[in-house]
Amino acid sequence: MRRFSASNEPAPLATGPRNDWQTIVSLLPYLTAYKWRVAFALTCLIGAKVANLGVPVVMKHIVDGLAPVQHLTALGRAEHAPGIVLMGGIGLLVVAYAAVRLSTSLFTELREILFSKVTESAVRQLALKVFRHLHALSLRFHLERQTGGMSRDIERGTRGITQLISYSLYSILPTLVEVGLVLIFFTVKYEAYYAIVTLCALAAYIVFTVKVTEWRTHFRRTMNELDSRANSRAIDSLINYETVKYFGNEEWETKRYDENLHRYRAAAIKSQHSLSALNFGQQAIIGTGLVFILWRATQGVMAGKLTLGDLVLINTFMLQLYIPLNFLGVVYRELKQSLTDMDRMFTLLTVAREVPDVPNAPALAVRGGEVRFTHVDFAYEPSRQILHDVSFTIAAGTTTAVVGHSGSGKSTLARLLFRFYDLDRAAGGTITIDGQDIRDVTQDSLRASIGIVPQDTVLFNDSIYYNIAYGRPSASREEVIAAARAAHIHAFIESLPKGYDTPVGERGLKLSGGEKQRVAIARTLLKNPPILLFDEATSALDSRSERAIQHELDSIARDRTTLVIAHRLSTVVHAEQIIVMDHGRIVERGTHDELLRTQGHYAQMWALQQQKASEPVQGDQADQVDPRVAAPANGAH
């Protein structure tokens, strides 16, 4: 019996968020790859903020320079004002004002140009890593997860990276730099009062924003979970469109979808109410701080300690701080949302691979292609064992068929051979190819050596050509067409208006079951592997197509190691070895003739299928049994 441990089970997705700093630290390696570009971008950021602070300083000098003009106007000597303005250098200050503002824009755009490559590269590399990791996870993981929800997590996670970098570099960091410069300027140029009030207002604002946003975070998390659930159900329903139609359950599916939307609506309303409370509190703090600052500055002007330009300067500084600071509240909320979204994506990367390659695993070296199952025990769940001490050998270049009733464990053999699951080494069972334990070689090389025609063929939502060429993407068009001819589907494809460019639809739904099966056969023929696996390969074909395809399969299986999993016994009578399974155990083995002579399980199944084939049916269904084997050998019944 296969032993199960924590390492054998896929790690569950985290139910709660990790620490935000853990998420940020997970992102840093993708940014440090461009450290010089990041350094230049930060230099431009500081340059932009210094230039931005220069704007109100220049404006102060302009206002103070215009004070004499106002005085001359009051004395009735306004005709001398233009000359005084030019002589006082006000014109140069106006030019300097425009230059400083232009410099602010220039440094800001340079920063964005420099950092855009960093952001997009980080998003690309991380999305690619998650995508590759998901493909590396076991079949068990994907059977237990909903693809729609996972795709939504990845989409939100990659968008969260862009938002996190954008908000951090373009909003939070610039605002912090500007706050520091303003506080220093207030302390040095004026008095500490302005810096203290500004700092107190900022501290109160930040604490209030953080506390309330932390309280609000669970609303957003709930919205994400409900959104993923609604999306998963919607995708699942649309993918199974035909099943919904068969049972007339459109309204039922709509009701299920609406239940999720209703819960999402309730969570969204709560989130919006809490957002309104947060915004009002932020504005109250900003307004209070601004009143204290301007009141003190006005007193200074009236007392003659400050000029009118100083009042304009202080007011402008406060506006420059509080306008982005007001937006900083929105940024922080979005930042928390981005971290939450990123956390779910990073959590996917923490899921352990249930079927990993051993360190420094070599590639599989196929010499003859002998496949050997030795004392194989296996269970998907500890309480339900599927295979019991299964041992058999497929000699190189021969065909072995495995037959039995549904649930006997036939398809599990194929999954184990492909290493969708691994045998527990402690249990002692092995699967070898040419003496090499498949657990000790790379999965890529193993799967490259095996071609499969599955019972349930699922095609990509692309052209017929793409789906056939998927067997070997580097194949030429002539090779793809040759494979289609061998699978007896070329004439059908050519009869279509778009030929090989015809789209097959979602999961190949635009093709019939037999047409999809032949595409799968052509795909495997194009791959041209040394080991073949046919899992009910002709189950979806009509009797005429089955005979043609079966003849072709017999031809390509010649001199190849082939494992055939079949329910229809007429397709395996020429196999060198037939293995009969029942409830996960091998109960009989031998050739077709030998098994008929034993009058055991195989003979009973053969007789039952022969009886069904001889019953009157409509159309060509009476021809389901291959005429080459219509009568049992040696008079067996």
Side-chain angles (χ1 to χ4, degrees), residues 392 394 398-415 451-457 487-489 512-521 524-525 532-558 562-583 586-596 598-633 636-637:
F392 64 91
I394 309 175
T398 66
T399 297
T400 291
V402 179
V403 300
H405 299 293
S406 297
S408 60
K410 304 187 300 296
S411 295
T412 299
L413 297 175
R415 291 178 172 181
I452 183 172
V453 180
Q455 177 181 5
D456 184 17
T457 300
H488 296 274
I489 196 175
S512 69
E515 291 159 357
K516 288 196 296 183
Q517 201 89 29
R518 282 180 282 178
V519 169
I521 293 171
T524 302
L525 291 172
L532 293 173
L533 199 160
F534 300 142
D535 187 359
E536 301 283 3
T538 60
S539 61
L541 302 178
D542 59 80
S543 56
R544 179 179 301 177
S545 297
E546 180 192 9
R547 287 194 295 271
I549 293 297
Q550 188 61 47
H551 178 72
E552 190 62 39
L553 293 179
D554 292 341
S555 176
I556 66 172
R558 192 173 297 119
T562 306
L563 174 62
V564 180
I565 297 172
H567 174 72
R568 195 175 299 167
L569 303 184
S570 61
T571 62
V572 300
V573 294
H574 297 297
E576 283 87 349
Q577 177 182 214
I578 299 176
I579 294 174
V580 183
M581 295 191 65
D582 186 42
H583 294 93
I586 296 178
V587 293
E588 293 176 354
R589 71 180 77 204
T591 65
H592 172 72
D593 292 341
E594 291 170 349
L595 292 173
L596 287 179
T598 62
Q599 294 294 311
H601 287 76
Y602 183 85
Q604 293 175 8
M605 289 189 294
W606 175 264
L608 181 61
Q609 291 190 15
Q610 289 294 94
Q611 179 181 356
K612 289 182 179 180
S614 63
E615 293 175 355
V617 293
Q618 296 180 353
D620 65 351
Q621 295 180 9
D623 198 21
Q624 288 292 323
V625 179
D626 194 320
R628 294 174 294 173
V629 292
H637 295 280

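Under the side chain to side chain contact (heavy atoms under 4.5 Å, CB included) test applied with Val580, the options Glu588, Gln604, His405 reduce to a single match, Glu588. With Val402 as the partner, the side chain to side chain contact (heavy atoms under 4.5 Å, CB included) test is satisfied by one option alone out of Val564, Ile586, Leu563: Leu563.
Counting all heavy atoms, side chain and backbone alike, Ile452 lies closest to Thr524 at O-OG1, 2.8 Å. The nearest pair of heavy atoms linking Gln599 to Leu596 is NE2-O, 3.0 Å. Val572 approaches Ile578 most closely through the heavy-atom pair O-CD1, 3.5 Å. The two atoms that bring Ser411 and Asp535 nearest to each other are OG-OD2, 3.5 Å, heavy atoms only. Among all heavy-atom pairs drawn from Ala414 and Ile565, the shortest one is CB-CD1, 3.8 Å. Residues Leu569 and Val573 approach most closely at O-CG1, 3.4 Å, considering heavy atoms.
Counting only distance, with no hydrogens or angles, the side chain of Glu515 and the backbone of Ile489 share no donor-acceptor pair below 3.5 Å. A distance-only check finds no donor-acceptor pair linking the side chain of Thr399 to the backbone of Glu576 [under 3.5 Å]. Side-chain N or O atoms of Lys410 include none that pairs as donor or acceptor with a backbone N or O of Met581 at under 3.5 Å.
With sequence neighbours excluded, the residues satisfying side chain to side chain contact (heavy atoms under 4.5 Å, CB included) with Thr412 are Phe378, Tyr380, Ile386, Leu387, Leu416. For Gln577, the side chain to side chain contact (heavy atoms under 4.5 Å, CB included) partners are Thr400, Ile579, Arg589, not counting sequence neighbours.
The CD atom of Gln517 sits 6.0 Å away from atom CD1 of Ile521, with the distance rounded to the nearest 0.5 Å. Tyr602 OH to Asp582 CG: the interatomic distance, rounded to the nearest 0.5 Å, is 15.5 Å.
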